[in-house]
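In what follows, a single structure is set out as structure tokens and then discussed.
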Amino acid sequence: MIHITLPDGSTKTFDDTPTGVDVAQSISEGFARSCVAMEINGQMRDLYQKIPEDAAVRLITTKDPEALEILRHSAAHVMAQAVLRIYKDAHLTIGPVVEDGFYYDIDMGPLSEDDFPKIEAEMRKIVKAKLPIRRKTVSKSDALAFYQDEPYKLEMIEDLPDGTISFYEQGEFTDLCRGPHLPHTGFVKAFKLMKTSGAYWRADQNNAQLQRIYGTAFFDKKELKQHLAFLEEARKRNHRKLGERLDLFSFHDEAPGMPFFHAKGMIIWNTLLAYWREAHRRAGYVETKTPIMLNRSLWERSGHWENYRENMYTSSIDEMDYAIKPMNCPGGMLLYASKPHSYRELPLRQAEIGLVHRHEMSGVLSGLFRVRAFHQDDAHIFMTPDQIEGEILGVLRLVEEIYSTFGLGFHLELSTRPEKSIGTDEQWAQATDGLRKALDAYGREYKINEGDGAFYGPKIDVHIKDALGRTWQCGTVQLDMSLPERFDLNYVGQDNEKHRPIMIHRVIYGSIERFFGILTEHFGGKFPLWLAPVQARLLPINDELAPYANEVKAFLEAGGLRVETDDRTESLNRKIREAQLEYVPLILTIGAKEKAAGTLSVRTLDGAVQYGVPQDDFLARTLAHIRDRRPDLEILKD
RNA sequence: GCCGACGUAGCUCAGCUGGUAGAGCAGCUGAUUCGUAAUCAGCAGGCCAGCGGUUCGAGUCCGCUCGUCGGCUCCA
């Protein structure tokens, strides 16, 4: 007799060892059909596995979040099966589930997206056949024998611990896999192959290049459709497109990966920096600036010449080697070391909007997200060991203040000591402890990435979440135990002895270029009033009213608004349409009525119009919205 | 750097199996003076990314280079 306890506390009793299917069917046939897997005492299992003893069982239905991963894993198998049917000499490697779907890396000839329809058609056949997916376990030696012609699988099995190894079978297809999987292939109804790319076996460039095929899958077609609609929305918000349409920035073949910012883009840029400077001044930072090009000896001292040289632009002048800085820190170290420091000066918060160049590989460039020349909103904070916690906390509070201004949520991740690292155990313990204490004091939950820190110190990464729910790592706080040593930094303590300061690097926007791109997509090009390059556009209804419109413009400009007059001889409808498409937040039409009454009719981007708004009132409200740097576009609503 | 896709007017794109480049929008000129998302007409605009090859003939086919995009990789 086997007693099964269900999540609601009820128990079912079985004479024989039941499978998950039996348990599900004991509840109802309909329910059983929606089950895809089960959790036995917290362990994910296939529905068809036997339950040998009394256990707590939770049946996983298509509605459970865990089910999606299982589905996608099985979808990867269905795809692999289809590929093997079409490409007889293909060799499978690995096929995991990823955030939005799955992929499978396959050793085969080059593939293009034009090949997808026939693979998808084959997949549909497999789905339609509702092939049962069954687990079997074999010994390691049998597994090796089974895969004698599959070098990648052999390598994977070699790495597995001795003992039984599980395989999954569906029809003629068998794959090495931990599982769990769906009961049958019929669940994989809503899937789509998304893209292909090259990928290296074990992510190593020296290994064979494989074909990676990405796909996604959902339990029902509606969800798949929603997902595709989301991708479409993201595509529409693409900052490269918006940047061109809104005349913000451009790229040119003459300087790949190095953006040109246009007049309107620079207004946003300068506004972002003005805000940044204001917030940093309040937080007790000083601003500094160091050169872009520095002598080789500096980079040898910092270690970059040895470790980062392939990414640096170098030049030879007067028989001396120079490098354009890929990071600001070495310059910042020189600045600190340029005079003696007392403990009384610490913490010293030394900020710098630094222009850095990194020679990224040509294939990775991507709009403003991945460039070769960019500005970091860098800061180096020098402090005593007992200031670590307070300073980190200060950075986290500043991070929160700045991101929330843009309506961006965020979460934190702490990365600890990696295998390859410098410094003593004590130093790492002290440094990591400092970060952890600051995080705990800050009070938000954070994720820990063990062993993911830089070799020179632990770090906290800040991941922001944009309006589409996508996350981006922007801010980072890194404790550096290497550079103060290499540059022999010190301060004189209360004891009149020299001490080594603790130093952190931190950025909040990260790369200003990248942050600009993220904001463009976050707002979908509809920048909030305080950032909008043109805050208001005046549209005189006819040519006679143009002089008056320019008077109003002068009035609003004197108040501090960025205003344009569209006094072209064009129809009002056209002017409105164009202003809307340029995402000018406030579209002000001026007709005889407005002139007579000293009012404005105000159209906002949602298309709503408020007539008869007194000019003073309009100016006061927009200025208040700007002053508060509100991220919304509800400008004249309270 | 690697795999795949792509590169035609400022922008979006058409150009069939090779026969000497086309549209819409933007621009310019003129007319229209307009009340909340495109007024009308005319004109101009291209070394078809670059270089080389095949061919009587190349935007179309082939090779190389550059750039862009999606991935891989890297990220002191």
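Residue numbers start from 1 in every chain, and the chains themselves are labelled A, B, ... in the order their sequence lines are given, proteins ahead of strands.
Look at Glu244(A) and Arg240(A) and you find no salt bridge, because none of the NZ, NE, NH1 or NH2 atoms lies under 4.0 Å from a carboxylate O. Looking at Arg235(A) and Glu232(A), a side-chain N of the basic residue comes within less than 4.0 Å of a carboxylate O on the acidic one, giving a salt bridge. A salt bridge does not link Glu413(A) to Lys459(A): none of the charged nitrogens lies less than 4.0 Å from a carboxylate oxygen. A salt bridge links Glu155(A) to Arg202(A): one of the charged nitrogens lies within less than 4.0 Å of a carboxylate oxygen.
As judged by a 4.0 angstrom heavy-atom cut-off over every strand, Arg245(A) is placed among residues making no nucleic acid contact. In this structure, Ala579(A) reaches neither bases nor backbone, as no heavy-atom distance under 4.0 Å exists between it and the strands shown. At a threshold of 4.0 angstrom between heavy atoms, the contacts of Gln211(A) are confined to the sugar-phosphate backbone, with no base atom among them. Counting any heavy atom pair closer than 4.0 Å across all strands shown, Lys420(A) reaches no nucleic acid atom. Among the heavy atoms of the strands, none lies under 4.0 Å from Leu539(A). Within the nucleic acid shown, Glu244(A) comes within 4.0 Å of sugar-phosphate atoms alone, with no base atom in reach, counting heavy atoms only. Among the heavy atoms of the strands, none lies under 4.0 Å from Ala454(A). Backbone-only engagement by Ser366(A) is indicated by non-hydrogen atom pairs under 4.0 Å involving sugar-phosphate atoms exclusively.
In this entry G63(B) has C51(B) as its Watson-Crick or G-U wobble partner, both defining distances falling under 3.5 Å. Both distances falling under 3.5 Å, in either a Watson-Crick or a G-U wobble arrangement, occur for no nucleotide opposite A58(B). Of all nucleotides present, only U12(B) satisfies the Watson-Crick or G-U wobble test against A23(B), with each distance under 3.5 Å. With both pairing distances under 3.5 Å, G42(B) is matched to C28(B) as a Watson-Crick or G-U wobble pair. In this structure, G70(B) and C3(B) make a Watson-Crick or G-U wobble pair, each of the two defining distances being under 3.5 angstrom. Pair assignment for U33(B) gives none, since no Watson-Crick or G-U wobble pairing has each distance under 3.5 Å.
Of the C1' atoms belonging to A14(B) and C25(B), the separation is 15 Å, rounded to the nearest Å. Taking the P atom of each, G1(B) and G10(B) are spaced 28 Å apart, rounded to whole Å. A38(B) and U65(B) are spaced 49 Å apart, taking the P atom of each and rounding to whole Å. Between U55(B) and G18(B), the distance separating the two C1' atoms is 9 Å to the nearest Å. Annotation: A26(B) and C11(B) have their P atoms spaced 15 Å apart (nearest Å). For the P atoms, the distance from G24(B) to A44(B) is 14 Å, rounded to whole Å. Of the C1' atoms belonging to U8(B) and C48(B), the separation is 4 Å, rounded to the nearest Å. Rounded to a whole angstrom, the distance from the C1' atom of U12(B) to that of C3(B) is 29 Å.
Out of C74(B), U33(B), C72(B), the shortest distance to the side chain of Glu360(A) is found at C74(B). Comparing atom distances between the Arg574(A) side chain and each of G67(B), U39(B), A37(B) picks out U39(B) as nearest. When distances run from any side-chain atom of Tyr214(A) to the nucleotides G71(B), U73(B), U12(B), the shortest one goes to G71(B). Closest approach to the Ser362(A) side chain among A37(B), U33(B), G1(B) is made by G1(B) (side chain taken as heavy atoms from C-beta onward). Counting only heavy atoms from C-beta on, Gln580(A) has its side chain closest to A37(B) among U36(B), G67(B), A37(B). For Met361(A), counting side-chain heavy atoms from C-beta on, the closest listed nucleotide (C74(B), U33(B), U68(B)) is C74(B).
Note on Lys195(A): every side-chain N or O is 4.0 Å or more away from OP1 and OP2 of C69(B). Of the side-chain N and O atoms in Ser197(A), none sit less than 4.0 angstrom from OP1 or OP2 of G4(B). Residue Asn573(A) has a polar side-chain atom (N or O) positioned under 4.0 Å from OP1 or OP2 of A38(B). OP1 or OP2 of C69(B) lies within a sub-4.0 Å distance of a side-chain N or O belonging to Arg240(A).
Distance CG (Leu572(A)) to P (A37(B)): 8 Å, rounded to an integer number of Å. Per the geometry, NZ belonging to Lys575(A) stands 14 Å off P belonging to U36(B), to the nearest Å. To the nearest angstrom, P of U29(B) lies 13 Å from CZ of Arg568(A). In this structure, CG of Leu246(A) is placed 13 Å from C1' of C11(B), rounded to the nearest angstrom. Distance CG (Leu365(A)) to P (G1(B)): 10 Å, rounded to an integer number of Å. Atom CZ of Phe249(A) and atom P of U68(B) are 13 Å apart (whole Å). Atom CG in Leu538(A) sits about 18 Å away from atom P in G35(B), given to the nearest Å. The distance between atom CZ of Arg370(A) and atom C1' of C69(B), rounded to the nearest whole Å, is 16 Å.
When the ring-ring contact (aromatic ring centres under 6.0 Å, His included) test is applied to Tyr200(A), no partner is found at least two apart in sequence or on another chain.
In terms of polar N and O atoms assigned as donor or acceptor, the side chain of Asp543(A) comes within less than 3.5 Å of the base of U33(B) in a complementary pairing. No hydrogens or angles were tested; on distance alone, a donor-acceptor pair under 3.5 Å links the side chain of Tyr200(A) to the base of G1(B). Below the 3.5 angstrom threshold, one finds no donor paired with an acceptor across the side chain of Ser571(A) and the base of U39(B). Counting distance only, with no hydrogens placed and no angle test, the side-chain atoms of Glu594(A) and the base atoms of G35(B) include a donor-acceptor pair under 3.5 Å. Applying the 3.5 Å distance criterion, the base of A38(B) shares a donor-acceptor pair with the side chain of Arg577(A). One donor-acceptor pair, N or O on each side, does fall under 3.5 Å between the base of A37(B) and the side chain of Arg603(A).
Using bins of under 30°, 30° to 60° and over 60° for the plane-to-plane angle, the ring pair Trp299(A)/His304(A) lands in the perpendicular bin. Under the 30°/60° scheme for interplanar angles, the aromatic rings of His357(A) and Tyr313(A) are found to stand perpendicular. In this structure, Phe369(A) and His239(A) have tilted ring planes: the angle between them lies in the 30° to 60° band. Note on ring orientation: taking the six-membered ring where Trp is involved, the planes of Phe251(A) and Phe249(A) are perpendicular (angle over 60°, cut-offs 30° and 60°).
Judged by a 6.0 Å distance limit and a 45° cone about the ring axis, Arg212(A) is positioned over the six-membered ring of Tyr103(A).
Less than 6.0 angstrom separates the ring centroid of Phe261(A) from the ring centroid of Phe516(A).
Contacts between residues 605-614 of chain A and RNA chain B, counted as heavy-atom distances below 4.0 Å, involve Val609(A), Tyr611(A).
Within the structure, salt bridge (charged side-chain N to carboxylate O under 4.0 Å, His left out) contacts touching residues 584-594 of chain A (residues at least two apart or in different chains) do not occur.
For the pair Ile576(A) and Thr196(A), both in contact range of RNA chain B, the more 5′-proximal nearest nucleotide belongs to Ile576(A).
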